[in-house]
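Here is the structure we will look at.
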Number of protein chains: 2
Amino acid sequence: MARIKLYDTTLRDGSQGEGVNFSLQDKLAIAQMLDRFGFDYIEGGYPLSNPKDEQFFQQIADIELKHAKITAFGMTRRKGVAAEDDDCMKALRDSKAPVITVVGKTWDLHVTGVLRVDLEENLAMIRDSIAFLKAEGREVVYDCEHFFDGFKANPDYALQTIKAAEAAGADIIVPCDTNGGSMPDWVEEALTKVQAEINIPVGIHCHNDCELAVANSLRAVQSGAVQVQGTINGLGERCGNADLISVAANLSLKLGYDVLAENGIEHLTELSRYVYELANMNFRSGQPFVGMSAFAHKGGMHVSAVNRFSHSYEHIEPETVGNSRRILVSELSGRSNIVAKTSKYHLDQDPELMARILMRVQDQENEGYQFEAAEATFDLLVMKEARIYQSQFKRIHYRVNVKTEEGQEPITEATVKVSVDGQVFHEVAEGDGPVNALDQALRKALTTSYPNLASMHLVDYKVRVINSTEGTAARVRVVIESQDDKDVWSTIGVSENIIEASWIALIDSVEYKLLKDAGTFARELVTTDEKS
Amino acid sequence: MARIKLYDTTLRDGSQGEGVNFSLQDKLAIAQMLDRFGFDYIEGGYPLSNPKDEQFFQQIADIELKHAKITAFGMTRRKGVAAEDDDCMKALRDSKAPVITVVGKTWDLHVTGVLRVDLEENLAMIRDSIAFLKAEGREVVYDCEHFFDGFKANPDYALQTIKAAEAAGADIIVPCDTNGGSMPDWVEEALTKVQAEINIPVGIHCHNDCELAVANSLRAVQSGAVQVQGTINGLGERCGNADLISVAANLSLKLGYDVLAENGIEHLTELSRYVYELANMNFRSGQPFVGMSAFAHKGGMHVSAVNRFSHSYEHIEPETVGNSRRILVSELSGRSNIVAKTSKYHLDQDPELMARILMRVQDQENEGYQFEAAEATFDLLVMKEARIYQSQFKRIHYRVNVKTEEGQEPITEATVKVSVDGQVFHEVAEGDGPVNALDQALRKALTTSYPNLASMHLVDYKVRVINSTEGTAARVRVVIESQDDKDVWSTIGVSENIIEASWIALIDSVEYKLLKDAGTFARELVTTDEKS
């Protein structure tokens, strides 16, 4: 089976999508998950464009990756500037990324009209930029912007740009359907002609404006492309990029190509949902392969038949991509998931307990809980059902008060009353906001008994409205990510009241920390470590 | 240009989608719009399955249509029953529909395993059902269930079922990729073989489980299919059916086929949004051709180029499909975005003002504001800088109080003090959460002066932490989407305090509503109208 290299640009092109906004922490976490599952290239960003991307490259350089190569993205040098004096080139060189992706103009109209340079200078810009980066010892991917439109308008010049890139030492040429307007036949025709002209491999970069990004990517591979660029869940500008989830699944399960790590395909559902969570976006239930509804069956006769001949009603086994069948209307993510998640406790030998956990998870998910991004809360749930959980303190009550005076900053005060071993602690604190104030007051009330809480702090706080049809009266889901010197863990709370939802997540986070330090999650640490 | 007939099954297969539920009135309204825009066949339902579908056929029969043919869907007769005695056959006959679509089994496994009849009886069921309906003078479409899987498993038997249908007088044969698992090459290969065996035309019916429903439909047409079955917006079970919006646009604008009525393509955006509205579903902003973001542009240099060479940055003119270009104000925003965005106010002749707006936007974006998702707040900002803004009320203060008692639900109370024309209103309200309580109290305080606020409500509430590295002390961005009977608008608030951020967004939303009703956004309404 030929190896097709998957080039993920979720962190760069994907973050161009409307409302997509990854924190530095998010980007590092996603990059490490992509590496773990066997993506070959991870485009981290555009170092010149903003400090966040610049920092990403400095920090990822210190993290050991299993397989993936980190790539930095940038444009060819500006006109009339030597590559070594060009800010973008310098930023790319300084990024420490072993691979640099340079994008250049292919379409004569864009060269003369948009860039406002003559056609010859554009070729020089491509040559100089690639030569400079090769001299710096980098692997260079050359992205041909607007290739397919440019090739239609002026095939001769389009091919000149590609030959210039090859001559300058580019390691691979990647024609881009930047506007997403191409049909599969056009992609095949152009790629065939390109390969006749050059002696280095080609890749493909598609956008979904005609709902054909995946089809065009597959057609490109069948026409000889060995690298596919895209994003997780097809995040990206306008209608998005090619969804690497569908591309990977089709290449591997339908067309017999070798992609990702050995078991990478089985993690596609987990990867898809993890990225949605970090992007703070809702899952697309109808998303191919990984959507909640992708293997949902309704209709009585149909379902009974599905039970007898499931393979004949599903184009693949849901488990192949880490998804699960949904026969009932239940939101339950599937028994197999629960078994998998609890296996570390060796509880699966106790079917009666498994059934209890399953039911509890189902109830919780119907209320709006989602455990994909809140494993700490899930572990507490398992312990509670397994009766091996013991709260380290007793909540009595909390109060939050937000006051404003004309033209002044609001003042937020929280009081928390808890008891530890029968001793009551009642504390008050101010904060930048209600959750911060609650966090302060809770620590104040607990640190006498648990000084180790000082080593923990909250690193992320995400809020999502679940059924937004009721506006502000809708249910709110809060996910809190906490960290200490060793680990990172996430907890979740759901309520109609955002303060209550935050409080629930906050309490779980503290409980988890205390149980963790008490050595309860000896095995769990391994899991969360990978994420931190 | 060859005519490709579009067969819409939104009202039947589409209504199988999770959460899709059309009333009888909805179905009649959608059918008439589909007819107006030139769809050739409209499958109204499955008369035997439920009374609503039965009624639909009786009522639509009395409505004069311009072009479309109404079709009723049903299965072949049951085993061992004469067609004329079969309930489904009788329901189809009585439906008054001029066209009947009969679905039959192609896959031997389903015949013997699911249907539990021998292979010969299944052929008889196909023959008898079609012959009966032809004798009733109907046009008959024969849908071959699981055709592509069946053809792989037992090509010989699959072809026998098709020949049986042809022999019985079927007008067209439609192979169905019921499980949505086929690749474009497989579709082409099978259709080519089918056409070699029969002398009647073929169609195609695809599902999107591999994200290839549109690609497979196009490939089928290029392989000789003359009818494409699908649904508006790709509604349907699991991952949905082929989206006829994309199919129609690609066939007409990219591949030069004749589809729909003369100006039908220009109405695709309207049709897409109308169906979402009646299905009570949210638009998919990234949907190809018709999504809100399908022609959205961000990024300073990029946008200035778009203005000069729009055609080179868009695969088609947005207006061709009834959509419109949107310039997003974003972190990457340069002056050109602002110029484009404010052009409707004709302020770009005032360079000094433009510079002020640009500076203000950049300051705000540094604080964490993002106007791409909050156009109403942006419009207010422009008016403030242009000094044409006048607040409709004066904020004095608000207070929020969240109380919990052991083991009880939290109680949330908000007080709001404002003045309108010097008259002070001080009100208190409870809510499900702090934002809801504030919303209630604010309305209570303002409705005396502005009764029209009663017509507005919040439809969505989104929260994001911006620099999450500081945990709960991080800045919080709140985006509120509001709606009245005419428009939908979004406002944004940013603060370290989630309550304050929500309050800011809430105030903007109300201010916008009041100014809107005062006719301030005469031109803006056009924009938002398209969105609502």
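Below, chain A is the first sequence line, B the second, and so on; all start at residue 1.
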Review point. Which pair of heavy atoms, one from A/L109 and one from B/S312, lies closest together, and at what distance?
Key: CD2-CB, 3.5 Å
Point to revise | Segment of A/A242 engaging chain B (4.5 angstrom heavy-atom cut-off) | key: neither
Check your understanding: Given that the side chain runs from C-beta out, which part of A/R116 has a heavy atom under 4.5 Å from chain B: side chain, backbone, both or neither?
Key -> side chain
Review point. Checking A/L212 against chain B: side chain, backbone, both or neither under 4.5 Å from a heavy atom?
Key: side chain
Practice item. With a 4.5 Å cut-off on heavy-atom pairs, point out which of B/Q287, B/R219, B/E481 contacts chain A the most. Key: B/R219
Exercise for review: Please determine, among A/K462, A/M183, A/E413, the option with the most heavy-atom pairs under 4.5 Å with chain B.
Suggested key: A/M183
Revision key, fill the gap. CG (B/D432) and CD1 (A/I498) are apart, to the nearest 0.5 Å, by 13.0 Å
Revision key, fill the gap. When every non-hydrogen atom of A/E211 is compared with those of B/S246, the smallest separation belongs to OE1-OG, 2.6 Å
Point to revise | Structural part of B/D177 lying under 4.5 Å from a heavy atom of chain A | key: neither
Review point. Once the angle between the rings of B/H146 and A/Y313 is folded into 0 to 90°, is it parallel (under 30°), tilted (30 to 60°) or perpendicular (over 60°)?
Key: perpendicular
Review point. A/R284, A/H207, A/K254, A/Q222: which one forms the most heavy-atom pairs within less than 4.5 Å of chain B?
Key: A/K254
Point to revise | For A/H315, the option from B/N179, B/D149, B/T178 that meets side chain to side chain contact (heavy atoms under 4.5 Å, CB included) | key: B/N179
Exercise for review: Answer yes or no: is there a side-chain heavy-atom contact under 4.5 Å between B/N497 and A/T412?
Suggested key: yes
**Study point:** B/A294 portion near chain A, given a 4.5 angstrom heavy-atom threshold
**Key:** both
Exercise for review: Please determine, among A/W503, A/W107, A/W186, the option with the most heavy-atom pairs under 4.5 Å with chain B.
Suggested key: A/W107
Point to revise | Part of B/L253 within contact of chain A (heavy atom distance under 4.5 Å) | key: neither
Point to revise | Note, B/P410 side chain near A/E500 side chain (heavy atom, < 4.5 Å) | key: yes
Point to revise | Taking every non-hydrogen atom, the tightest pair across B/P288 and A/D209 | key: CB-O, 3.4 Å
Point to revise | Under 3.5 Å: donor-acceptor pair, side chain of B/T404, backbone of A/Y398 | key: yes
Exercise for review: Specify which of A/L255, A/V214, A/N250 makes the most heavy-atom pairs with chain B at under 4.5 Å.
Suggested key: A/N250
Review point. Is it true that B/K417 and A/E405 make a salt bridge, defined as a side-chain N closer than 4.0 Å to a carboxylate O?
Key: no
Study note, to complete from the structure: Given A/G180, A/G181, A/A501, A/C210, the one with more heavy-atom pairs under 4.5 angstrom with chain B than any other is A/C210
Review point. Chain B: which of A/H397, A/K394, A/R395, A/E409 shares the most heavy-atom pairs with it under 4.5 Å?
Key: A/H397
Practice item. Would you indicate whether the side-chain heavy atoms of B/I499 and A/P434 approach each other to under 4.5 Å? Key: yes
Practice item. Return yes if a side-chain donor-acceptor contact under 3.5 Å exists between B/E496 and A/N436, otherwise no. Key: no
